[in-house]
Amino acid sequence: MLLLGMKSIELLTRKSGRLKMLLTEHFCKNQVPYVCLCISSYLCSKKKKENGYEQVDQERYMNLVRSVTSSKAGPQTPETLFEEDNLIYGPVNKFKSPVKGVEAKFPKNWVPLINSSKRTLPPNSDRKHLLKIGLQRHKVPSVTSVLQQTMPLHQAFYLKRWKQRMILELGKDGFAEYTKNLFLQGKLFHAALESVFLSEEVPLKEQEKDATVSGYLASVQHVLRDISGVKALESAVHHETLHYSGLVDCVAEYRGQLCVIDWKTSEKSKPYLRNTFDNPLQVAAYTGAINHDANYDFQVNCGLIVVSYKDGSPAHPHFMDSDLCSQYWNKWLLRLEEYTEKEKNNNAIETS
């Protein structure tokens, strides 16, 4: 009888899905406590070896595993590095507890964004000619150089890390070629847009030669329909009070609002303004410069950042109203002061 019971048990252990239910039902009816003890001993002797990976929270790291085991992705960008860190370490807590005694920073040498001595053009106003002022090599810093040399530490860290990974993947020469191609793509894209605004047809041969340009142009088509009254293209600006310069991509009306327009290309989707890093500060800096440059008989108080994509997917237009431009204008003034302070310190060290 005992032998038959043991054989039955062996058969039951092969059916792991119903083992617990069958054992409970069988032995509770027959009330055989000693046999249960034998079963426990038998099962313990066959205990499966524990696997350390079973203790890992597989659901939490599911997306990471998929990204690693999926097909080879394209070149990494600062945005993809942020995503990797979020998957591994979790999202960054950007909210800090307020520190007593620390107040928000304000520019020491505050200059208003709007120049009260200049007029603001009414909507749909026409100019006799399009402004296209050449960039002069002044002994003043450019907007780009100020932003680069005052880049926040965390942003500089991710940029440096991205460069290191790209060099490991492409090599120094490959990375140099990659950045050169990005610059060339942007240059061709801006030239194509200029031809569009000047009512010139973009040569089909050029589009066929460089599919990248046609992709970017297709990406911004829905934005171009909302742009009219172009006032300036690829035109230099110089702030006569704060002494900095730059080159504005476009000044035109977007949905009836006169804006400084900055065209950007990206391999990564940037649906939110915060995804554009220092671009809003750049637009605010150009806006303030136009308002304080005697070459421009009008002033602007709005901005537009258009992020276009190589694959032709719809571009993301980020409109900056007057309030938002004023906020970023104050941030730009702080960065400009930081740059000026660094330059003074560097000059003092060189002369000492």
statement: What one should report as the nearest heavy-atom pair of P317 and L304 is CB-CD1, 4.1 Å
Which side-chain N or O atoms in residues 322-330 pair as donor and acceptor under 3.5 Å with protein atoms at least two apart or in another chain?
{"from": "S326", "atom 1": "OG", "to": "S322", "atom 2": "O", "distance (Å)": "2.9"}
{"from": "W329", "atom 1": "NE1", "to": "V111", "atom 2": "O", "distance (Å)": "2.7"}
{"from": "N330", "atom 1": "OD1", "to": "W110", "atom 2": "NE1", "distance (Å)": "3.0"}

message: Is there a side-chain contact between V230 and L198 in this structure, where contact means two heavy atoms from C-beta onward sitting under 4.5 Å apart?
response: no
- prompt: Just how far is it from atom NE2 of H316 to atom OG of S266, taken to the nearest 0.5 Å?
  reply: 10.0 Å
field: Residue K132 excluded, over 12 heavy atoms near NZ under 6.0 Å
entry: yes
message: For residues L135 and L131: do they belong to one hydrophobic cluster (side chain heavy atoms under 4.5 Å, members Ile, Leu, Val, Met, Phe, Trp, Tyr)?
response: no
- prompt: Can you find a heavy atom in the side chain of Y254 that is under 4.5 Å from one in the side chain of V223?
  reply: yes
task: Could you tell me whether a side-chain N or O of S142 sits under 3.5 Å from a main-chain N or O of S145, the two making a donor and an acceptor?
output: yes
task: Return the orientation label for the F197 and W263 ring planes: parallel under 30°, perpendicular over 60°, tilted otherwise.
output: tilted
field: CG on N301 to SG on C259, rounded to 0.5 Å
entry: 8.5 Å
task: Kindly confirm or rule out a cation-pi arrangement of R274 over Y272, judged by NZ or CZ under 6.0 Å from the six-membered ring centre and within 45° of its axis?
output: yes
- prompt: Does the side chain of K160 pick up a donor-acceptor pair with the side chain of Q155 at under 3.5 Å?
  reply: no
task: Verify the cluster assignment for Y309 and L273: are they in a single hydrophobic cluster under the rule of side-chain heavy atoms below 4.5 Å apart?
output: yes
Heavy-atom side-chain contact between L224 and L193 under 4.5 Å: yes
query: Given the rule that I, L, V, M, F, W and Y join up when any side-chain heavy atoms are under 4.5 Å apart, are L188 and I261 in one cluster?
result: yes
query: What salt bridge (charged side-chain N to carboxylate O under 4.0 Å, His left out) pairs are there with at least one residue in residues 213-227, not counting sequence neighbours?
result: D226-R255
- prompt: Quick check: does any side chain N or O of T150 sit under 3.5 Å from a backbone N or O of V146, one acting as donor and the other as acceptor?
  reply: yes
query: S308 and Y216: which non-hydrogen atoms are nearest, and at how many Å?
result: OG-CD2, 3.7 Å
query: Counting distance only, does the side-chain N/O of E337 pair as donor-acceptor with the main-chain N or O of K108 below 3.5 Å?
result: yes
message: Working to the nearest 0.5 angstrom, can you tell me the gap between K163 NZ and R161 CZ?
response: 15.0 Å
message: Donor-acceptor pair, distance only, cut-off 3.5 Å: does the side chain of H318 make one with the backbone of K270?
response: yes
statement: By side chain to side chain contact (heavy atoms under 4.5 Å, CB included), I133 pairs with (sequence neighbours left out) S235, A236, N295, Y296
query: Do L242 and L333 come within less than 4.5 Å of each other through their side chains, counting heavy atoms only?
result: yes
message: Less than 6.0 angstrom separating the ring centers of Y339 and W332, yes or no?
response: no
- prompt: At their closest point, which heavy atom of C302 faces which heavy atom of Q257, and how far apart are they?
  reply: SG-OE1, 3.9 Å
message: What's the separation between atom NZ in K187 and atom CD in Q185, rounded to the nearest 0.5 Å?
response: 13.5 Å
Any side-chain heavy-atom pair of T179 and F175 under 4.5 Å: yes
message: Please check: side-chain N/O of Q299 versus main-chain N/O of N115, any donor-acceptor pairing under 3.5 Å?
response: yes
task: Check whether any side-chain heavy atom of K264 lies under 4.5 Å from a side-chain heavy atom of D262, and answer yes or no.
output: yes
- prompt: Is any side-chain heavy atom of K118 less than 4.5 Å from a side-chain heavy atom of D297?
  reply: no
task: Check the hydrophobic clustering (I, L, V, M, F, W, Y; side-chain heavy atoms under 4.5 Å; chains of links allowed) and say if V140 and L247 are grouped together.
output: no
task: Step through the shown structure and confirm whether more than 12 heavy atoms of other residues, nucleotides or ligands are within 6.0 Å of CG on N346.
output: yes
Within the 6.0 Å centroid threshold, strictly below: H238 and Y244: no
query: Rounded to the nearest 0.5 Å, how far does SG of C250 lie from NE2 of H190?
result: 9.5 Å
task: Would you please say whether a donor-acceptor pair under 3.5 Å links the side chains of H239 and D293?
output: no
- request: Drop me the distance from L147's CG to D278's CG, to the nearest 0.5 angstrom.
  value: 5.0 Å
task: Give a yes or no on whether a salt bridge exists between K342 and E338, defined as a side-chain N under 4.0 angstrom from a carboxylate O.
output: yes
task: Taking all non-hydrogen atoms of both residues into account, name the closest pair between E194 and E234 and its distance.
output: OE1-CG, 4.0 Å
N/O donor-acceptor pair under 3.5 Å between Q221 side chain and L217 backbone: yes
query: Does the side chain of M320 come within less than 4.5 Å of P280's, by heavy atoms?
result: yes
query: So, the side chain of T287 versus the backbone of V283: is there a donor-acceptor pair under 3.5 Å, distance only?
result: yes
field: Distance-minimising heavy-atom pair for L130 and A232
entry: CD1-N, 3.6 Å
- line: All heavy atoms of V300 vs all of N291, minimum pair found to be N-OD1, 2.7 Å
message: Same cluster or not: M166 versus L182, using hydrophobic residues (I, L, V, M, F, W, Y) connected whenever any side-chain heavy atoms lie under 4.5 Å apart?
response: yes
